[in-house]
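Numbers here simply count residues along the sequence, with the first being 1.
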Amino acid sequence: MNNNEFLKNCNLYDGKNYYESADIAIDNGIISDIIINNAKANDKQYFVMPGLVDTHTHTYSEKQLDNLKKCGVLYTCSVVATNNIKNIKNKTKAISSYSMALGGIQNAKAFVENEIRHDSDYIKVIIEDKPRMALSKIKYDVLCDIVKYAHEYNKKVAVHAVTVEDEQMAINAGADILIHIPLKEVIPDDLVRSIKEREIAVIPTLVMMKAFSKIWIMGYRKNDLEASKESVRKLFDNDIPILVGTDSNNSIFAPSIKFGKSVFEEMKLLSECGIPNNKILEGATSKAAEIFSMDNVGTIVKGNTADLIVIDGNPMENIEDICNVKSIYVDGGNIQWKL
């Protein structure tokens, strides 16, 4: 990349606002100026926006980081990613919990303190009625204590909950973020009110729920996904933050979800729930960064590192254009990809 670049006459979504025509100056990898033009030009324009955030992955390798980056996912909220993965330069940047709180934990304070010693960015808890990932379900009082001690360290608590009952447990315990959305059952109105009142954000991972809905041997049917979509509609209609997350993984416990490209499908599924395109983009950029306390992420503003993507099309008008990534800037570097 040259030391100086100038992206001229672009459609710009800066993470919060949309402009039909803007010029963006990049000096030595830093956004040095943004000029909003008065009128849209007649010639072809590209769409510039912040790098996407996938708010729920299981990222363990450089190859997975590369697959995310190729699709414009420049940040991810992972689970159990090592500091080596978190600190690699010129790749997708990861924040992560150090481990996961499962059933069997007895000392919540010791668990949280161990997470803090190992540079955990947030605390991850799993609740399972019929555990696949633990031998027993986490106890409610232990979960409450985990939230209490995490908040003392200013760490947010993200809870895996896949049933209405488990979501109620997470909400009552004071969780900050709910990961997943129930299949088969629609979230009841009183639970939606509790989520709103307690200012909890939700990561539906509809792409994962869709994959589960195809596993008949586990008692699911394809139309079970409609309940999940209805829940997302209710949450959005009540102004509850909906974040874009996929649960991308190579796990033996769940359907395998591709790193990178699954973000495009997740955004399409959110659109099918009736969420406007600008709110979907917000849930994959500035709102995701805000909820996970990621500084200087998800927005295009003067002084920020130029972590951004250039798209052939306009996802503000057609969300499926999000997959037409033309250029990717990571740490200010311009990397060309043909997807």
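- Put simply, the side chain of E266 gets close to the backbone of L206: a donor and an acceptor are under 3.5 Å apart.
- Ring planes of H180 and H56: perpendicular class, angle over 60° (limits at 30 and 60°).
- Nearest heavy-atom pair, S248 versus K258, reported as atom, atom and distance to 0.1 Å: OG-O, 3.1 Å.
- Residues forming a side chain to side chain donor-acceptor pair (under 3.5 Å) with D312 (at least two apart in sequence, or on another chain): K44.
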Report the C-alpha separation of T59 and T57 in whole Å, then their side-chain angles, then the decisive distance to 0.1 Å, and conclude whether the side chain to side chain donor-acceptor pair (under 3.5 Å) test is met. CA-CA 6 Å; T59 303; T57 68; 2.7 Å; yes

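- Looking at every heavy atom in both residues, L183 comes nearest to S213 through CD1-N, 4.1 Å.
- With hydrogens and angles ignored, the 3.5 Å screen pairs no side-chain donor or acceptor of N67 with any backbone N or O of G260.
- A distance-only check finds no donor-acceptor pair linking the side chain of N238 to the backbone of I240 [under 3.5 Å].
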Applying side chain to side chain donor-acceptor pair (under 3.5 Å), run through S286 and T299 and close with a yes or a no. CA-CA 6 Å; S286 61; T299 56; over 6 Å; no

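- One N or O on the side chain of S194 and one on the backbone of D190 form a donor-acceptor pair closer than 3.5 Å.
- For Q45 (side chain) and E20 (main-chain N/O), a donor-acceptor pair under 3.5 Å exists by modelled atom type.
- The line from NZ of K214 to CE of M209 is 13.5 Å long, rounded to the nearest 0.5 Å.
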Run the side chain to side chain donor-acceptor pair (under 3.5 Å) check on S97 and E115 step by step: do they pass? CA-CA 7 Å; S97 64; E115 292 290 297; 4.9 Å; no

Derivation and outcome, side chain to side chain donor-acceptor pair (under 3.5 Å), residues N314 and Y46: CA-CA 8 Å; N314 190 328; Y46 288 108; over 6 Å; no

Chi angles and distances behind the side chain to side chain contact (heavy atoms under 4.5 Å, CB included) call for H160, D166: CA-CA 9 Å; H160 161 116; D166 291 348; over 6 Å; no

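- Both V48 and I26 belong to a common hydrophobic cluster when Ile, Leu, Val, Met, Phe, Trp and Tyr are linked at side-chain heavy-atom distances under 4.5 angstrom.
- In this structure, V202 and L243 have side chains that are not in contact, with every pair of non-hydrogen atoms separated by 4.5 Å or more.
- With contacts defined as side-chain heavy-atom distances shorter than 4.5 Å, the pair Y98/R117 does not qualify.
- A single hydrophobic cluster is seen to contain both V244 and M316, as judged by linkage of ILVMFWY side chains at heavy-atom distances under 4.5 Å, directly or through other members.
- Taking the charged nitrogens against the carboxylate oxygens, D176 and R198 have no contact shorter than 4.0 Å, which rules out a salt bridge.
- Environment of NZ in K148: sparse, with no more than 12 heavy atoms of neighbouring residues, nucleotides or ligands closer than 6.0 Å.
- Looking at S96, its side chain does come within 3.5 Å of a backbone N or O of V80 through a donor-acceptor pair.
- Panel note: side chain N304, backbone I300; no donor-acceptor pair is recorded below 3.5 Å.
- Counting only heavy atoms from C-beta outward, the side chains of Q64 and T92 never approach each other to under 4.5 Å.
- Y140 belongs to a hydrophobic cluster with I105, F111, V112, I116, I123, V125, I127, I138, V142, L143, I146, V147, Y149, Y153, V157, V159, M169, counting contacts under 4.5 Å between side-chain heavy atoms of Ile, Leu, Val, Met, Phe, Trp and Tyr, direct or through other members.
- Residue K16 places its NZ atom among 12 or fewer non-hydrogen atoms of other residues, nucleotides or ligands, all under 6.0 Å distant.
- One finds the CG atom of D14 at 8.5 Å from the OG1 atom of T285 (value rounded to the nearest 0.5 Å).
- Counting only heavy atoms from C-beta outward, the side chains of L7 and Y329 approach each other to under 4.5 Å.
- By the criterion of side-chain heavy atoms lying less than 4.5 angstrom apart, applied directly or through intervening Ile, Leu, Val, Met, Phe, Trp or Tyr residues, V263 is grouped together with M208 in one hydrophobic cluster.
- Looking at heavy atoms from C-beta onward, D66 lies out of side-chain contact with F259 at the 4.5 angstrom threshold.
- With D145 contributing its side chain and A108 its backbone, the two residues share no donor-acceptor pair below 3.5 Å.
- Distance alone, capped at 3.5 Å, is enough to place a donor-acceptor pair between the E185 side chain and the V164 backbone.
- Side chains of I311 and K326 form no contact here, defined as non-hydrogen atoms less than 4.5 Å apart.
- Using the six-membered ring where Trp is involved, F292 and Y122 have ring planes that are perpendicular, over 60° apart on the 30 and 60° scheme.
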The test is side chain to side chain contact (heavy atoms under 4.5 Å, CB included); show your working for V325 and C71 and say whether it passes. CA-CA 7 Å; V325 180; C71 294; 5.6 Å; no

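- Note: the hydrophobic cluster containing L281 also contains I203 (ILVMFWY, side chain heavy atoms under 4.5 Å, direct or indirect links).
- If you take CD1 on I24 and CG on N9, they are separated by 11.0 Å, rounding to the nearest 0.5 Å.
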Pairs under 3.5 angstrom only: tabulate donor-acceptor contacts from the side chains of residues 222-231 to other protein residues two or more places apart or in another chain.
unit_1 : atom_1 : unit_2 : atom_2 : d
D224   : OD2    : R221   : N      : 2.7
S228   : OG     : P182   : O      : 2.7
K229   : NZ     : E272   : OE1    : 2.6
E230   : OE1    : R233   : NH1    : 3.1
S231   : OG     : I187   : N      : 2.9
S231   : OG     : A227   : O      : 3.2

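- Ion pairing between K93 and D307 holds under the 4.0 Å rule for side-chain N and carboxylate O.
- Between D121 and K86 there is a salt bridge, since at least one side-chain N of the basic residue sits less than 4.0 Å from a carboxylate O of the acidic one.
- Side-chain contact between F47 and C10 is absent, with no heavy-atom pair separated by less than 4.5 Å.
- With hydrogens and angles disregarded, a donor-acceptor distance shorter than 3.5 Å links the side chain of N249 to the backbone of D247.
- Both V79 and I257 are assigned to one and the same hydrophobic cluster, defined by single-linkage of ILVMFWY side chains at heavy-atom distances under 4.5 Å.
- Within a 6.0 Å sphere centred on NZ of K279, heavy atoms belonging to other residues, nucleotides or ligands number 12 at most.
- Q168 and N172 share a side-chain donor-acceptor pair at under 3.5 Å.
- Just one of I328, T246, L68 meets the side-chain contact (heavy atoms from CB on, under 4.5 Å) condition when paired with V73; it is L68.
- For K156, the NZ atom sits in a packed shell: over 12 heavy atoms of surrounding residues, nucleotides or ligands are nearer than 6.0 Å.
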Using side chain to side chain contact (heavy atoms under 4.5 Å, CB included), reason through D321 and E317 one step at a time and then give a plain yes or no. CA-CA 8 Å; D321 283 351; E317 297 174 356; 6.0 Å; no

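- The shortest side-chain heavy-atom distance between P315 and N277 does not fall under the 4.5 Å cut-off.
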